[in-house]
Amino acid sequence: MSSRPPLSPARLDFGRIVFAFRLAGGRLSVRLDGRVLAILLALLVLTAALAALSLLSGKYPVSLSQVVWALVGRGDDMVRMIVVEWRLPRVALAVLLGAALGVSGAIFQSLTRNPLGSPDIIGFSAGSYTGALMVILIFSGGYYKTALGALAGGIVTAAAVYLLAWRRGVQGFRLIIVGIGVAAMLSAFNAWMIREADLQVAMSAAIWGAGSLNGLGVEQLLPVALMLCILLPLTLLLSRPMRQLELGEDVARASGVDAGRIRLLLMMLGVALTALVTASAGPISFIALCAPQIARRMTRSAGVALLPAALTGGLLLLAADWAAQHALGPQLPVGVMTVSIGGLYFLFLLIREGRK
């Protein structure tokens, strides 16, 4: 009898460079696609360059060397105050809030398996705006009361949409349809509340509802950073079962995923991220819709990836905020620019679909 040589593991070529890392003595492995890694590095470089441009731009001109000295705690006191206390918190908030919107949009688009499944479309942003409006118009609340109202409104709306969409489970298409209906009713209710309010209060509520980073500083940056340090790692821990859910509930359950529990946890995290942004800066539209799909097309990945969506969202919101401040003359709310981004995105989709 002839003995066969022992089988050796074959190396499969998927046509893409993949880097694999083993940590903790081989008990933990991390695999990174080469193209995804290159896109992440490019997004980081672009974000850093745009952040530097934002720190340089303004009515009080500063040079790059003055910015560097101010960031290390040296240089002129006036320049340090402008760069560190005024401009830097706004830049950091734009990146962090944009990343939160990108991750939230990626969660809902993955759960619904639909590129329109973002918090803007399925009603959560409108619910947060309703909660904030009730605090502003009825209780004349300040910043923190308005933030709590936005959080409460987003959570209540999310619970209502989830319960209305529940039919022996939650399907993506049903969730989108129910969310669109709830968003339409809440938008009408919001318009009625603003119409019935006093003129001055209604104007302040409308300005807040446009979504703006004006007036935000270190006091808002610290709680936002703290909350994201909790929410983003939890979301990344659920990224693998989220990708398994994209294959269908039956396949996910066969691989050991508790589909109902994981879906509920992911929805809670997505709602919390959206509500955090709305509570901090008002309802900023379309970043959660556009960022995951732009990231997906750049990375050419099969599903919606969280890290590329986060960096794309941060870059988009930072670019929109810079344009709102400096590109068009008078300073505009950042929500005006993000709506323009959303309009261009929808136009791109229409042209793309028309060519098929």
Side-chain angles (χ1 to χ4, degrees), residues 16-19 21 30-55 88-110 115 117-120 211 213 221 224-240 242-243 266 269-270 272-274 276-277 280-281 284-324 334 337-338 341-342 344-345 348:
R16 299 177 67 158
I17 300 175
V18 177
F19 299 96
F21 304 94
V30 178
R31 188 179 63 182
L32 294 176
D33 186 282
R35 181 180 179 86
V36 174
L37 185 60
I39 294 297
L40 292 177
L41 292 176
L43 289 172
L44 286 173
V45 171
L46 288 174
T47 302
L50 189 55
L53 178 62
S54 299
L55 294 176
L88 182 60
R90 180 166 182 155
V91 169
L93 278 168
V95 174
L96 293 177
L97 296 179
L101 288 173
V103 172
S104 178
I107 289 174
F108 287 111
Q109 290 178 13
S110 174
S118 75
D120 307 323
L213 300 178
L221 174 62
V224 167
L226 179 61
M227 289 298 297
L228 290 182
C229 286
I230 299 173
L231 294 174
L232 291 181
L234 291 175
T235 306
L236 292 175
L237 287 175
L238 297 176
S239 61
R240 179 169 293 181
M242 184 186 78
R243 297 297 296 272
L266 285 169
L269 289 170
L273 289 168
T274 303
L276 176 65
V277 175
S280 303
I284 298 176
S285 303
F286 290 111
I287 295 294
L289 176 69
C290 301
Q293 292 303 311
I294 293 174
R296 182 178 181 181
R297 283 173 170 78
M298 288 192 300
T299 58
R300 298 178 186 175
S301 58
V304 181
L306 294 178
L307 280 178
L311 292 180
T312 304
L315 179 61
L316 284 178
L317 187 56
L318 184 59
D321 186 53
W322 183 88
V334 68
M337 300 305 301
T338 59
I341 292 173
L344 293 174
Y345 176 72
F348 163 76

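Side-chain atoms are counted along with the backbone in the values below, which use heavy atoms only and exclude waters and symmetry mates. FYI, the numbering just counts along the sequence from 1. These figures come from a predicted structure and were not determined experimentally.
- Minimum interatomic distance between Phe286 and Thr338 (heavy atoms only, all atoms of both residues): CB-O, 3.6 Å.
- Here the side chains of Leu315 and Leu311 are not in contact, with every heavy-atom distance at 4.5 Å or above.
- Pro292 and Ala106 make their closest contact through CG-N, 3.4 Å (heavy atoms, listed as atom of the first residue, atom of the second, distance).
- When atom types are taken as modelled, the side chain of Arg35 and the backbone of Met298 share a donor-acceptor pair closer than 3.5 angstrom.
- Val103 pairs in a side-chain contact (heavy atoms from CB on, under 4.5 Å) with only one of the listed residues (Val304, Leu231, Leu307, Leu232), which is Leu232.
- Here the straight-line distance linking atom CG of Leu306 with atom OG1 of Thr235 works out to 7.0 Å at 0.5 Å rounding.
- Smallest separation of non-hydrogen atoms from Leu317 and Ala94: CD2-O, 3.3 Å.
- Remark: the backbone N or O of Ser118 is not paired with any side-chain donor or acceptor of Gln109 at under 3.5 angstrom.
- A donor-acceptor contact shorter than 3.5 Å links the side chain of Ser239 to the backbone of Leu236.
- For the atom pair Leu318 CG and Ser54 OG, the distance stands at 4.5 Å (nearest 0.5 Å).
- Under the 4.5 Å side-chain criterion, counting only non-hydrogen atoms from C-beta, Pro233 is not in contact with Leu237.
- The shortest non-hydrogen separation linking Pro89 to Leu221 is CA-CD2, 4.1 Å.
- Rounded to the nearest 0.5 angstrom, Met227 CE and Ser280 OG are separated by 9.5 Å.
- A pairwise comparison of heavy atoms in Val277 and Ala100 identifies CG2-CB, 3.8 Å as the closest pair.
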For side chain to side chain contact (heavy atoms under 4.5 Å, CB included), just list the numbers for Leu101 and Leu289, CA-CA rounded to whole Å, side-chain angles, deciding distance to a tenth of an Å, and then say yes or no. CA-CA 8 Å; Leu101 288 173; Leu289 176 69; over 6 Å; no
Using side chain to side chain contact (heavy atoms under 4.5 Å, CB included), reason through Leu316 and Ile294 one step at a time and then give a plain yes or no. CA-CA 10 Å; Leu316 284 178; Ile294 293 174; 4.0 Å; yes
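- Side chain of Thr312 to main chain of Pro308: a donor-acceptor pair is present (N/O by atom type, distance under 3.5 Å, no hydrogens or angles).
- To the nearest 0.5 angstrom, Ser104 atom OG is 12.0 Å from Leu97 atom CG.
- Annotation: the span from Leu37 atom CG to Leu41 atom CG amounts to 5.0 Å, rounded to 0.5 Å.
- How far CD1 of Ile39 is from CZ of Arg300: 8.5 Å, rounded to the nearest 0.5 Å.
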Per-pair distances, 0.1 Å, donor-acceptor, side chain in residues 43-50, under 3.5 Å, sequence neighbours excluded:
residue : atom : partner : partner atom : Å
Thr47   : OG1  : Leu43   : O            : 2.7

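- The shortest non-hydrogen separation linking Val91 to Ala51 is CG1-CB, 3.6 Å.
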